[in-house]
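Naming convention: chains lettered A, B, ... in sequence-line order (proteins, then strands); numbering from 1 in each chain.
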Protein chains: 2
Amino acid sequence: MTSEQLMVTAAINSWKTTVGRASKVFSNLTEDQFLQPVAPGRNRIIYLLGHLTAVHDAMLPLLGVGERLHPELDEIFIKNPDRAIASLPAADTLKTYWNEVNDVLWKRFEELSAEQWVARHTAVSEEDFAKEPGRNRFNVLLGRTNHMAFHMGQIILAPK
Amino acid sequence: MTSEQLMVTAAINSWKTTVGRASKVFSNLTEDQFLQPVAPGRNRIIYLLGHLTAVHDAMLPLLGVGERLHPELDEIFIKNPDRAIASLPAADTLKTYWNEVNDVLWKRFEELSAEQWVARHTAVSEEDFAKEPGRNRFNVLLGRTNHMAFHMGQIILAPK
């Protein structure tokens, strides 16, 4: 493998490992446990599950690899903080969305070449990208993996 | 820049951004605040500061780029859980170590070529690396960046 292929492999495996750990944590929680805040007064696990699902779903158009599956999640889980919207989808429904979104992303990730990974993402214009080549798909992948790890650190703190 | 150079840039910038955010959080905390647990009964911030410093310090020999600066931290912050060892270094001392270790790492990171990033780290033999080329420096960098994000998600939860 070339250096660039080894780097893509490392980055998508890091993503996949983090998704796998998260999925395992989510699969072991009851509906009641999803309603626990990660620390007193902080986000509930169900909110973070919805938040991560919405952020990952938004990666499909951001990376230019597909249409969103669940844009309706943004109002509850991105535009508003936890508890601002009283009625949330059931944790089981969100878990189904979580798996569905990550499955589609993974298929798209495996299809991208190294050159496509370092090409621009859709939130930057061609003109700006010429000046700022760091605004590429690979950078989005690393940032979103970190974002997921950040919230998983919180989720594992919630009382069981 | 070549694809591999763009990927190295993305990965070391992701590391640097995460270190920068952590350093800012640490610099704004008082000695008393460092003694707060991130959630009831969980690790105190001072423990996580020492833990992250020890893990980053160990990256110097793991990546084959230098000797450890503070191996004495492992006993308190890696081999034992929080509160097992009664007497910890002062938070100010640990913050000095934190900055020192990350400064040295950053200098070494900037010196490594793309080929050196995908070469084996020192915890894998040449023989095993031939079979598992994923056990390279780049993989360590991504893993440690995620590890830091995971604990930073926890640290920002502590009551101020």
By side chain to side chain contact (heavy atoms under 4.5 Å, CB included) - contacts of B/Ala39 (at least two apart): A/Ala39, A/Leu157, B/Arg42
Test item: B/Gln154 side-chain N/O and A/Gln154 main-chain N/O as donor-acceptor pair under 3.5 Å: no
Contacts of residues 79-115 of chain A with chain B (heavy atom under 4.5 Å): A/Ala114, A/Glu115
Beyond-backbone contact of B/Ile156 with A/Phe150, side-chain heavy atoms, under 4.5 angstrom: yes
Donor-acceptor pairs under 3.5 angstrom involving side-chain atoms of residues 123-132 of chain A: please list them, not counting sequence neighbours.
residue	atom	partner	partner atom	Å
A/Ser125	OG	A/Asp128	N	3.0
A/Glu132	OE2	A/Arg135	NH1	3.3

Shared hydrophobic cluster, A/Ile76 / A/Ile46 (ILVMFWY, side-chain heavy atoms < 4.5 Å): yes
Option that, when pairs with chain B are counted at under 4.5 Å, heavy atom only, ranks first among A/Val118, A/Asn146, A/Ile155: A/Asn146
Transitive ILVMFWY side-chain link A/Val55 to A/Leu48, under 4.5 Å: no
Same cluster (ILVMFWY, side-chain, under 4.5 Å), A/Val140 and B/Met1: yes
Neighbourhood of chain B inside residues 6-30 of chain A, taking heavy atoms under 4.5 Å as contact: A/Leu6, A/Met7, A/Val8, A/Ala10, A/Ala11, A/Ser14, A/Thr18
